[in-house]
Amino acid sequence: MLIKNTQAYYGIIAQLLHWLMFIMLSAMVAVGFIMHDMEGPLKIKLIGLHKATGICILLLAVLRLCWRAMNVTPALPASMPSYQKFGAHAVHWLLYGMMFFLPITGWMMSSAAGFPVSVYGLFTMPMVIAPDKPLQHMFHDLHEIGVYCFLVIAAAHILAALVHHFYNKDNILKRMLVVARG
Amino acid sequence: MRLGSFLLFCSLLLTTATAEAKVTEWIVIPEESKLTFSVVQNHAPVEGVFEHFDASIHFDADRLEESVIKANIDMGSVNAAYDEVPDNLKKEEWFFVKAFPTAVFQTIAIKHVQDNQFKADATLTLRGKTVPVILTFTIDISGDTAVAHGNTILKRTKFGVGQGEWANTSVVEDDVTVDIALKAKKVE
């Protein structure tokens, strides 16, 4: 079983990190929208879980970047036109950007509102900003705008992968889904 | 004549006696005093403040049996970093400010612990419920100025703060830490 990446395939670690991130981000977006218009103690509880999971995503994003730096990144097919290659790289880096931007703006929003972020009761993130109403609103807007941008970028990423798999019939999706043998 | 002088003597004695029996009164300096509270929500402390309160303090370290501290807290003056916190706290399920605008704190007995540390058995009437509370505090007096720091831990459910689904203490905990920092001037 391939642990590390090769020129042709993503190894098992990269695949697990990728799909775990997909599941976590999907859950976060769903809970974010649902809890936003809720009321009552359940809302407070969901907000707490949302924040804790957000910090986990931030840590996972750091892990992913470290693993990427320690690995060869599988090359895009030679047959792919250069504008598509550019689009792919841009979308991938934008997605990495969102994996940092969303948790960080959330954490800043919480700090500016005077709510320290506890990660499931295990430890608490430092309050990097002192309570401040204008900053509360700014980070809240950045976080929400960020989510919409992320949804557009993620849609492009998913759509492209499906088009390459079903229309171009190349290896693009397989190399992130199939556990190749070393 | 003799009776008159005797009566005059008695009344003079009484007036001096009552004058000496007055325990030192202190006036709180509001701009240099702060009443804050903290409660754990989602495993992290959330802080708030009561911006208006007044206190009547009669305190003498040598006459603790006659010392009394009383405070009226304007519940509607609650504030926090996030607007939704005071907005919700003023509602019926929490402080119910409309029906219970003022909380009253009053000491029953003050004891000296050691050095500048004291402990008071007191009652707090909040949201219509009167509950015994213990206030531990320090007082440092220099000249005619007293600086006091006190704190107590209240159980919000004892006062009915957090009704219905909010009575559940797993999301918003029961223990509320209250801190008071006071600066007061002696009344001459």
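These numbers come from a predicted model, not from an experiment.
In terms of modelled atom types and a separation under 3.5 Å, the side chain of Ser67(B) and the main chain of Asp60(B) share a donor-acceptor contact. Side-chain atoms of Thr152(B) come within 3.5 Å of backbone N or O of Ile134(B) as a donor-acceptor pair. No donor-acceptor pair closer than 3.5 Å links the side chain of Asp115(B) to the backbone N or O of Gln117(B).
Asp121(B) contributes atom CG, which lies 3.5 Å from atom NZ of Lys111(B) (distance to the nearest 0.5 angstrom). Here OG of Ser56(B) is found 9.0 Å from CG of Asn72(B). Values are rounded to the nearest 0.5 Å. The line from CG of Leu20(A) to CG of Leu25(A) is 9.5 Å long, rounded to the nearest 0.5 Å.
Chain B forms more heavy-atom pairs under 4.5 Å with one residue of Ala130(A), Gly114(A), Pro116(A), Pro131(A) than with any other, namely Pro116(A). Put simply, of Ala113(A), Gly48(A), Ala112(A), the one with the most heavy-atom pairs under 4.5 Å next to chain B is Ala113(A).
Between Phe53(B) and Phe105(B), the distance separating the two ring centers is not shorter than 6.0 angstrom.
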Short donor-acceptor contacts under 3.5 Å linking chain B with chain A:
| unit_1 | atom_1 | unit_2 | atom_2 | d |
| --- | --- | --- | --- | --- |
| Asn42(B) | ND2 | Ile44(A) | O | 2.7 |
| Ala81(B) | O | Lys133(A) | NZ | 3.3 |
| Ala81(B) | O | Gln136(A) | NE2 | 2.8 |
| Asp83(B) | OD1 | Lys133(A) | NZ | 3.0 |

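Looking at Val85(B), only its side chain comes within 4.5 Å of chain A, counting heavy atoms on both sides.
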